[in-house]
Amino acid sequence: MNSNASCIAIIEDEAPIRRFLRASLGAEGFRIVEAVTANDGLRVITQERPDLVLLDLGLPDGDGVAIIHNVRQWSTLPIIVLSARGDEKNKIIALDAGADDYLAKPFGVGELLARIRVALRHAARINQDGPEQSSFQTGAMRVDFVSRQVFISDEEVKLTKIEFDLLAILARNAGKVLTHRFLLKEVWGPHSVDEPHYVRVFMGNLRKKLEATPSRPEYLLTEQGVGYRLKGD
Amino acid sequence: MEMSSNNKSREVSLREPNPRPPTDPVCKDVEMSLRERIAEPAWPANERLLVCVGPSPTSARVVRAAKRLSDRIDAEWIALHVETLRALRMSESDRQRLHQHLRLAESLGAEIIQISGEHLATELIEYAGSRNVTKIVVGKTDPHFHRQLFGRSLVERLVRDSGNIDIFVVCGVDEPVMVEPPSRSRRLRLSTWLGTLLLLGAATLVALVFNAVGFTEANLVMIYLLAVVFVAARFGALQSAVTSFAAVLLFNVLFTTPYYQVTVHDTQYLFTFSVMLVVGLLASMLTVRVRYQAEVARRNERRMEALYRLSRRLIAISDRRQLVDEVERTVAEVFDVHAVVFLPDEDRRIRPIIGHPATFAAGASECAAAQWVFDHNQMAGTGTNTQPGTTALYVPMATPNGVIGVLAVQAEGGQTQLSPDVQQLLDTYATQIAFAIERDQLARQSQQAELQIETEKMRSSLLSAVSHDLRTPLAAIAGAGSSLAQAFESLAPHTRAELLETICDESDRLSRLVENLLHMTRLSGGRIDVNRQWQPVDEVIGSALNRMGPQLHDHPINIDVPDDLPLGQFDDVLIEQLLVNLLDNAVKYSDEASPIEIRAEPLLSRIAIEVSDRGRGLIEGDQQRVFDMFYRGADAKPDRRGTGLGLAICKAIVTAHGGTIQATNRPGGGTIVCFELPYEGSPPKLDIEEAE
């Protein structure tokens, strides 16, 4: 195994799930460390210093969210939570507590790998002390953060200030899910956190302006009940 | 129809300053008092009207006039027929006419009552008193035209004896006109004395005649005796005593020697006198007693009639609060008491009732008495042997199944005790009320039991449907998995790929089934949290399409959502599931590559969303049934299985949002499912800023 390979910590109490995660992630070249309980998980994180954590929210001996709070006090290491489908409330709590993304069980390996790649890429960018990202490109969309312009197939699309702010933050976190609350706070400020429809309406505007078929978006994806995600690569 | 034309042509305002002059002398007097009364303020509330109905043809007119009056003053009205001795001997045609009149009154909205009694006027007033009647309407034609000796008409009698009740007389021209009662007591006394005098005079005259004819003294005494008895029966004890005295005097003066002088020669006359006196007293006492008993019988009849009415009313009431209120009201009215119904709570304890109009219900000692009665199924309280110190009488309400509650009555106006026969009657009432309350309890229990049975039935059909649909994909996965496990090396690569694909696909199917089942359990539990928020419709359509993903295969999707569609108010997770279910159906029941359309349209305070396909469409008549649980289209593709829960879940979601959903056949082939989501108010305003 390549010792430069990224290390992923799996904190999950169900053995079959650990088995297939181990198998598929191992095949992708990741180094795996495992923990079965929350306490074990904290120990593994502090000792092994993984590059990414896969955390199951339904651990028997503890609250996954508590682990997130704990880790976030001293590290920005990416955390992806594994949750049950339909459990939107807990997903939002985890994301607002500092998790980077989520996966709803049952999930496929393809989705998992995509999210892991996005999370690692973001982490790398944050950790580098290099210049800030000046532009972002995905498919036919190109966002220029410096000049505050967006181009679809090289044609500029006019956006209002707030629309661009919204798009920018999604682009800087491309591939990651951002909750309504997070977007409200970042774009409108902390005093607007109780008006989720603001985000929805402006996202609707963005979709109308940027998407070929607004009702079937290609880039600006909706995570129902949780928030939005700009499609990464 | 006949009635309405009558109403229209004869509608005259009661407040007319100059009513049409009546043609009748009685009414002329009355007209004067009416003019004085015009200045009176409006009729008070809580009026109740009583109209006397008889076989005479004018009764129909009287009934209609009473109806008009009751409409005008917004009062309940009662049509009463008093069956006197005379009425029992009515001719057939009279009887039929009477029934017609009663039916007419009933059809106009009156309560029909028939009672029996001796004197029409007395019975009328009695009954009116017992029902808190405020106005009586009668016709001027007295149905009993055979008059008593003293020629007083029904109207005058009513007017004299009615006390606080207004008397309305329907004159020739149909307008009930009110009659002023003259001052009462003086006339009463005066008339009895006048009557006494007259009777005495008549008796004397007769005696004189007989004397002239040659009757013996004994027979003359008989005549006077007759007079005394008559006076006692009609006018009272005092009058009869005076008559006795006067009779003896007269007899002495006129018929014994020495004539025209008051002398008592024969001590026998003393004997005659005392006998007459005693007879007079006895006669009056007897009459009083008979009257009293008749009175009691009448009162009991009325109370039983009230009980019968109460029972009938109670059968129609199914709300327990209303039941209790109705009972308390009726008992208070019939017995002239304060009435409270005590019902136990779950641990069979009687608690004080705070805030009841009958204030004694809040007292702790009263409550203790009620508890004792409840526990021992025996009457207690004032007037009984148990706990006579309390201020009310406590009657247990019991059925053969046990004691349901306690009826407490407190006599009004200082009279603290209720007589034994009233206690008896209250007991009867209490039993009836207990039956009514028990019936209500049993009805509710039976409803709950039915609900439980329904839930059980649903659970078992769910179980049987689910076990099949769960086992099938599991079987496929188990089979494919074990084949790969056992024979991996010997399987060709494309076979391996197929088996693996099977495992993935069947897992997907299983996953969706579990999803649906979870939704269904949550929704049929009834306690769904519908998190309604303002959001754009196109967003939830987009995410539903995204979730369907590869399942949409090559079906082209046409989306028709207007740009200016207002925000909807709904739970995004639930509506996304709804759309996924509809899209799943569209894929299941239509051919590959056939187009699927999604449309949205704004309507008045709701948004309509429609999903349509070009598949086989619905079987005629199934438009409603498709939303039933476990319904599956008869011609579903055999390899596209499903529990038939999809549309049932859609309907439950839409209903939870207060909307409607329906499925119709698309003209040109295919199915359209359309649902409407209502919204309240308008979305909160946003701060719109300028474009850069």
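We name chains A, B, ... by the order of the sequence lines, and we start the count at 1 in each one. These numbers were taken from a predicted model, which means no experiment stands behind them.
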Lys/Arg-Asp/Glu bridge criterion (N-O < 4.0 Å) met for B:Asp563, A:Lys208: no

Hey, what do you get for [atom1] ([X]) to [atom2] ([Y]), rounding to the nearest 0.5 Å?
| X | Y | atom1 | atom2 | value |
| --- | --- | --- | --- | --- |
| B:Ile541 | A:Thr222 | CD1 | OG1 | 11.5 Å |
| B:Asn546 | A:Leu221 | CG | CG | 5.5 Å |
| A:Ser215 | B:Asp560 | OG | CG | 9.0 Å |
| A:Phe107 | B:Ser511 | CZ | OG | 12.5 Å |

When the 4.5 angstrom heavy-atom criterion is applied to B:Val540 and chain A, the contacting part is both

Any donor-acceptor N/O pair, B:Asp572 side chain to A:Gly225 backbone, under 3.5 Å: yes

When you compare the side chain of [Y] with that of [X], does any pair of heavy atoms fall below 4.5 Å?
| X | Y | answer |
| --- | --- | --- |
| B:Gln535 | A:His197 | no |
| A:Arg207 | B:Glu539 | yes |
| B:Arg547 | A:Gln224 | no |

Between A:Pro217 and B:Gly542, the two heavy atoms sitting closest are CD-CA, 4.0 Å

